[in-house]
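Presented below is the structure to which this report refers.
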2 protein chains.
Amino acid sequence: MAPKQKGNVDIVAVAKAAKVSPSTVSRTFNHPDLVSPATRKKITRAVQKLGYVRNRAAQMMHGKRSGTIGLVVPTINHAIFAEVIQAFSDAIDQAGFTLLLASHGYDLEREYEMVRKLMEHRVDGVALIGLEHSEATSRLIAQQETPAMAIWNYAEDSELPCVGADNRLAGRMAAEHLLELGHRDIGLIFPDTRGNDRAQYRLSSVMETLQENGVSVPEYRMSEAPYSVAQAKLAAISLLSARARPTALLCGNDVIAQGALYGAQSRGLRVPEDVSIIGIGDFKGSADIEPGLTTIRIPAETIGSLAGKRFTAYITSDTREPFRLRCGLESIVRGTTGSAA
Amino acid sequence: MAPKQKGNVDIVAVAKAAKVSPSTVSRTFNHPDLVSPATRKKITRAVQKLGYVRNRAAQMMHGKRSGTIGLVVPTINHAIFAEVIQAFSDAIDQAGFTLLLASHGYDLEREYEMVRKLMEHRVDGVALIGLEHSEATSRLIAQQETPAMAIWNYAEDSELPCVGADNRLAGRMAAEHLLELGHRDIGLIFPDTRGNDRAQYRLSSVMETLQENGVSVPEYRMSEAPYSVAQAKLAAISLLSARARPTALLCGNDVIAQGALYGAQSRGLRVPEDVSIIGIGDFKGSADIEPGLTTIRIPAETIGSLAGKRFTAYITSDTREPFRLRCGLESIVRGTTGSAA
DNA sequence: AATAGTATTGCAAACGTTTTCATTAATCTT
DNA sequence: AAGATTAATGAAAACGTTTGCAATACTATT
């Protein structure tokens, strides 16, 4: 269809074909109003004919933005991050940016490597998940003066601009719901909190809230489970096999809660009559399982979308006004919690 | 810590600080063996001190690879693609590449836009999901001579190199499993097949296989559901509310199957005694629900990982030997299927 | 019809690298 | 100890754009 010699269709090839200078071609793209309609048409035709595609790398060398934003997540393969990534991607796409994505598997050392890698590509900004990052990462960001932001967690004193929810509050809300229902003997299943400030905040505020209300959680009521339904199920079974079992299970996230639910069911326990279960997150699907999972809703899509919009605005503005947005949480009471016996 | 004037730490700043020429600095990175250890040390120190980060865009202008690979998916927010993306990302990262990710929401027009956008960034290769793409997309890829591949679907006569599973076979296997159990009255719940060759292949081969065995599926036994547990649940309820209900439900993917399972349960039907349900995919979580979902396993992680490895090898080789890799399917029989009454 | 604008275009420098080629310094040969 | 290699470095051109400035060709004004 559009036959051309080699892969070297550049702006000067277009210029030649249209019988104008390269400058004019460039202007046609960047300041169309400065070039006469007739010339513009010639150039457009040449572009079509040769199949020219602009080269952002070359543009970038003139102080233009690269048009890319880096996002570094712990893992992609995780319902909740997938939702955030999707929303973030769509939002920045709207503003003409492309997403450079990297994951680090909850390893803050690797996170640094990834940020560095993204910076070699001269991303116009880099977004990280959570507020806890290595010293090296912060230094790198400051040094390179790359716009950066944190997604997912909100804290009023965060170093980076952030858009997210208050995970401490999430933990508090979950605990309070259980307390209100009269539960005093509560089991906890959380993921490893190292390098995971979301989980850490949730867990510590849960403990705090319970303590404030005179409820203490002994060591044997706590279990650790990674992000896996199967393993959470095992953890729940172990917790529920104690002589005197807890009347409720508070889980660090919805996946764990789902596992806990299956675990309880497999032990022949009725939920919520015999044991109440609450999660945090409200993942896609949490509403649909039977019975519907009671949880604290963290609006992943809203967060991702808002973060993308706000970040691109931040990047393209000259003033670079820092921002901190807190997204609301919601107690979603479905079928897995009931009052304590 | 490392104070510097402005954001303009380039190779010549490093050269100046190390009292050598820019050429030598460049060589230290690209051909360390050509520069004396002493000089190398000086330069390394200067790099540290100034916090220099290499500029791949500038490198790219010398025919070097950009070090990025574009991946265009229908959606990120989907268990199965999330798994593929993660594996693909990890694999190309191993080879020193970074992922540029874009999604098109099952719209082939937008897919074209996304591919184009990625090409402006001069990705070293672009990977697409599935084998069905717009004419314009194919033309663009051919014209730009950008290495491209298809992920997820396998076909022996595919235009693009591909790594994936044979979705026709998947459909056949699901149908055969049901036939073997004696089912003759089967309901079908599939997503919209437009612009989704995976679903299309599955559906057509299911129909074919049933027909071959003398089983026909009337219109009223077919239902369409998007990728959503809730909507699939509704679709299943509608199918199962017929006067004479089907003895089995064959679902286009596991999410739909999960919804179908909940739907059946909510109608008070026992699975698999009253109705059998089979999915396709074996998503994470399909093993854990109660009862475990019978399904045809498509090894997403293997596919993503293999695709990443193979594609980077393809890109970096001079010969550019095309490839087509078929990943095996597996019938995973769990608890949701049983013999027909 | 001459003057002053204004609209359109081209020239050339610049961006941050890599690389070829040339130059200098160091080491080896005999 | 002189010539011949070899190792280490630098100078300058090149990559594909953008943009400030200068030049040209119009158009409007009087």
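The chains referred to below are lettered A, B, ... by the order of the sequence lines, with proteins before strands, and numbering in each begins at 1.
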Does the side chain of [X] get closer than 4.0 angstrom to OP1 or OP2 of [N] through an N or O atom?
X: A:S23; N: C:dG10; value: no
X: B:T39; N: D:dT9; value: yes
X: A:Q59; N: D:dT17; value: no
X: B:H31; N: C:dT19; value: yes

With distance as the sole test, does [X] use its side chain to make a donor-acceptor pair with the main-chain N or O of [Y] at under 3.5 Å?
X: B:D93; Y: B:S89; result: no
X: B:D197; Y: B:E132; result: yes
X: A:H78; Y: A:I80; result: yes
X: B:R45; Y: B:K42; result: no

Does A:H62 contact C:dG16 through a side-chain donor or acceptor facing the base, at a distance under 3.5 Å?
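For A:H62, whose side chain was compared with the base of C:dG16, there is no donor-acceptor pair (under 3.5 Å).
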
Would you kindly give the [atom1]-to-[atom2] distance between [X] and [N], to the nearest whole Å?
X: B:E120; N: D:dT17; atom1: CD; atom2: P; result: 11 Å
X: B:M61; N: C:dC15; atom1: CE; atom2: P; result: 13 Å
X: A:R40; N: C:dT8; atom1: CZ; atom2: P; result: 9 Å
X: A:K19; N: C:dG10; atom1: NZ; atom2: P; result: 12 Å
X: B:D10; N: C:dT18; atom1: CG; atom2: C1'; result: 14 Å
X: B:K16; N: D:dG10; atom1: NZ; atom2: P; result: 14 Å
X: B:M60; N: C:dT17; atom1: CE; atom2: C1'; result: 11 Å
X: A:L34; N: C:dA7; atom1: CG; atom2: P; result: 10 Å

Nearest to the side chain of [X], which nucleotide is it out of [options]?
X: B:N30; options: C:dT18, D:dG10, D:dT18; value: C:dT18
X: B:S36; options: D:dT9, D:dT17, C:dT17; value: D:dT9
X: B:N55; options: C:dG16, D:dA11, D:dT17; value: C:dG16
X: B:R54; options: C:dT9, D:dT17, C:dT18; value: C:dT18
X: A:R27; options: D:dT18, C:dT19, D:dC21; value: D:dC21
X: A:V20; options: C:dT9, C:dG10, C:dT19; value: C:dG10
X: A:I11; options: D:dT17, C:dG10, D:dT19; value: D:dT17
X: B:K64; options: D:dC15, C:dT18, D:dT17; value: C:dT18
X: A:V35; options: C:dT9, D:dT9, D:dC15; value: C:dT9

Name the nucleic acid region contacted by A:Y52, choosing base, sugar-phosphate or nothing; use a 4.0 angstrom heavy-atom cut-off, strictly under.
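Counting heavy atoms under 4.0 Å across all strands, the contact made by A:Y52 is with sugar-phosphate only.
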
Parallel, tilted or perpendicular: rings of A:F81 and A:Y106 (30°, 60°):
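Tilted.
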
Between CD1 of B:I141 and CE of B:M149, what distance do you get to the nearest 0.5 Å?
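Rounded to the nearest 0.5 Å, the CD1-CE separation comes to 11.5 Å.
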
